[in-house]
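Treat the numbers as computed from the prediction; the structure is a model and nothing was measured.
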Amino acid sequence: MFALPGLLALIFVDYVRPQEYFPFLYAVPLLHIATGLAVLGFVLDLRLGLSRRDPAPHLVLAVLLFLWCLVTVMVRAPDQLGMRAQSLLVPIAIYAAVAHGIQSFRSLQVLCALLLVICLGLAAIGVHQGLASYGCHRIAARAGQIVYLYDGRPCDEGNRAVCDDDTAEPGADYVCEKVGLLGTQSDHGRVRYRGTLQDPNELSLALGIAVPFAFAFLDRRRSPARAVVVALTVAAVGLCAYFTQSRGGQLVFVTVLGIYFVRRLGVKRGLAIGALLALPLLFFGGREGGEVSTLERLECWWVGLHLILRSPGFGVGFAQFNEHHYLTAHNSFILSAAELGLPGMLLWTSIVYLAMKIPIQALRAHLPPVSRSWAIALLASTAGLAVGSFFLSYSYKDVLWIYVGLTGVLYHAIRRHEPGFKVGFGVRDLGVVAAVDGALLFALIGYTGAKLGW
């Protein structure tokens, strides 16, 4: 109860980034303040008996992953230990706060409603940006980051020369991008937002995994208004995914729709409806120059796989991939193995495995309808997250850890009504994850080698 306001503030700040609209907020650690409020509220809930001391199934693994990341830094880059520990503490703290701060279906619905509203708003911004005209943006630095500032002059797609005419600011550099709302702009014509969602691929992923929440609310109470919300969500997120030109994000969109409809309507009808909704995106959602992007991604994978073979124990160290290649891995599984070694990859993939096992176990058990509604939604979301993570360096991103935390909320909410509900992680589970990891790495080595000519 008392933890919920802090959690809502935390998620709002992490997604919306109000400090980037209002420069005077740059000096205010909003994310840390919101996290502190959530933790304080959780402590109050524990003292008042509103929450239980019941660790989520993936808590121990998350703590072990955090410690192992620090071990790899100590081995490979000990001078960066303090900085890397602080950066990793944020997503782990967010996960812990979400997974344990709220433990009821009512609070879960409030949290998912906020995520859905935020993602609808971001999708609307993305669609507007995708339909907008191009304008000249001056490149500037703000709080140590590169930002683009629209100066009011129009320009043509692919023609930046007009931005450097006599009206340009002397000595300034310019780009020609689409002019979005709230000071946003495109990236080479691809729709994006700010902060952790400034990458078009990550924006598309974050929006896609929120789609199942609209279906869950409709499933809980069918009404024309909620049906309209579902239609708007599918249309806005699908259109935004098209404008991001993110093939990975489009696969996430297809995945969440496919899994949701298969679970609700059966394999044949579910796949048919999911394909019908996704076909326009699959046919028209590509982008020019995709072959170059694919080649760059394959090269990143190949470098990462070589780093794994070179150092399978400790890896090259947490957050050290870019010390060995100018681009990131573009694959969370390769990234975790390359930076953290095979033990680190096993820990990370075990957490993702548990995040999917919780809703699957909930669907197999004989539980009330509310449990099934949210279990289906979170299964679709986490499956989409796993698919998106295959094409992005998403291992330590806040959004991923928020959704892992949401499966912890589902676990606690179910146990509040069914104390006998348990989701364990034993030797058999560890063996399954290890086997999948090994097969995945073997397949990636063969695939990238064949594509790049060994």
Side-chain angles (χ1 to χ4, degrees), residues 8 11-12 15-16 98 102 105-128 191 193 197 203-244 246 249-265 269-281 285 359 362-363 369-388 399 402-403 405-407 409-410 413:
L8 296 177
I11 290 176
F12 179 83
Y15 272 80
V16 179
V98 172
I102 54 178
F105 282 113
R106 186 181 298 275
S107 296
L108 173 62
Q109 291 180 161
V110 171
L111 206 58
C112 291
L114 175 66
L115 282 167
L116 180 59
V117 169
I118 289 174
C119 288
L120 275 172
L122 296 184
I125 291 173
V127 171
H128 173 273
V191 160
Y193 185 58
L197 303 180
L203 173 62
S204 186
L205 168 59
L207 298 186
I209 59 178
V211 170
F213 297 157
F215 287 99
F217 281 112
L218 177 63
D219 191 48
R220 293 303 306 132
R221 189 173 75 242
R222 297 187 177 275
S223 69
R226 295 194 178 199
V228 169
V229 170
V230 170
L232 285 175
T233 301
V234 172
V237 173
L239 193 54
C240 189
Y242 164 76
F243 284 129
T244 63
S246 169
Q250 292 154 15
L251 283 176
V252 170
F253 184 74
V254 172
T255 298
V256 297
L257 289 181
I259 288 180
Y260 187 85
F261 284 117
V262 165
R263 289 297 311 182
R264 295 301 303 177
L265 305 174
R269 291 175 62 193
L271 288 178
I273 294 177
L276 182 65
L277 292 173
L279 277 177
L281 185 61
L363 290 171
V370 63
S371 303
R372 297 186 62 81
S373 297
W374 289 106
I376 293 173
L378 286 172
L379 175 60
S381 293
T382 52
L385 195 57
V387 170
V399 171
I402 287 172
Y403 276 78
L406 288 176
T407 64
V409 178
L410 176 67

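Atom OG in S204 sits 9.0 Å away from atom CZ in F253 (nearest 0.5 Å). Note that CG of L108 is 6.5 Å distant from CG of L410, once rounded to the nearest 0.5 Å. Here the CG-CZ distance, from L8 to F12, works out to 11.0 Å after rounding to the nearest 0.5 Å. Between the OH atom of Y242 and the OG1 atom of T244 there is a distance of 10.5 Å, given to the nearest 0.5 Å. Distance check, rounded to the nearest 0.5 Å: CD1 of I402 to CD1 of I11 gives 5.0 Å.
Nearest approach of L205 to G388, heavy atoms of both residues: CD1-CA, 4.0 Å. Residue A206 comes nearest to Y15 through the heavy atom pair CB-CE2, 4.4 Å, listed as atom of the first residue, atom of the second, then distance. The shortest non-hydrogen separation linking G208 to P212 is O-CD, 3.8 Å. Nearest heavy-atom pair, C240 versus L207, reported as atom, atom and distance to 0.1 Å: SG-CD1, 3.6 Å. The heavy-atom pair separating A216 from W374 by the smallest distance is CB-CZ3, 3.7 Å. Here the closest non-hydrogen pair linking A214 and T233 is CB-OG1, 3.7 Å.
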- [ ] Report the C-alpha separation of V370 and Q109 in whole Å, then their side-chain angles, then the decisive distance to 0.1 Å, and conclude whether the side chain to side chain contact (heavy atoms under 4.5 Å, CB included) test is met.
- [x] CA-CA 10 Å; V370 63; Q109 291 180 161; 4.2 Å; yes
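Among residues two or more places apart in sequence or in another chain, the side chain to side chain donor-acceptor pair (under 3.5 Å) test is passed with S371 by none.
For the pair F215 and I376, the minimum side-chain heavy-atom distance is 4.5 Å or more. Contact of the V229 side chain with the L218 side chain is not registered, since no non-hydrogen atoms from C-beta on lie closer than 4.5 Å.
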Table please: side-chain donor-acceptor pairs of residues 379-387 below 3.5 Å, with sequence neighbours left out.
from	atom 1	to	atom 2	distance (Å)
S381	OG	I209	O	2.7
S381	OG	A377	O	3.1
T382	OG1	L378	O	2.7
T382	OG1	L379	O	3.1

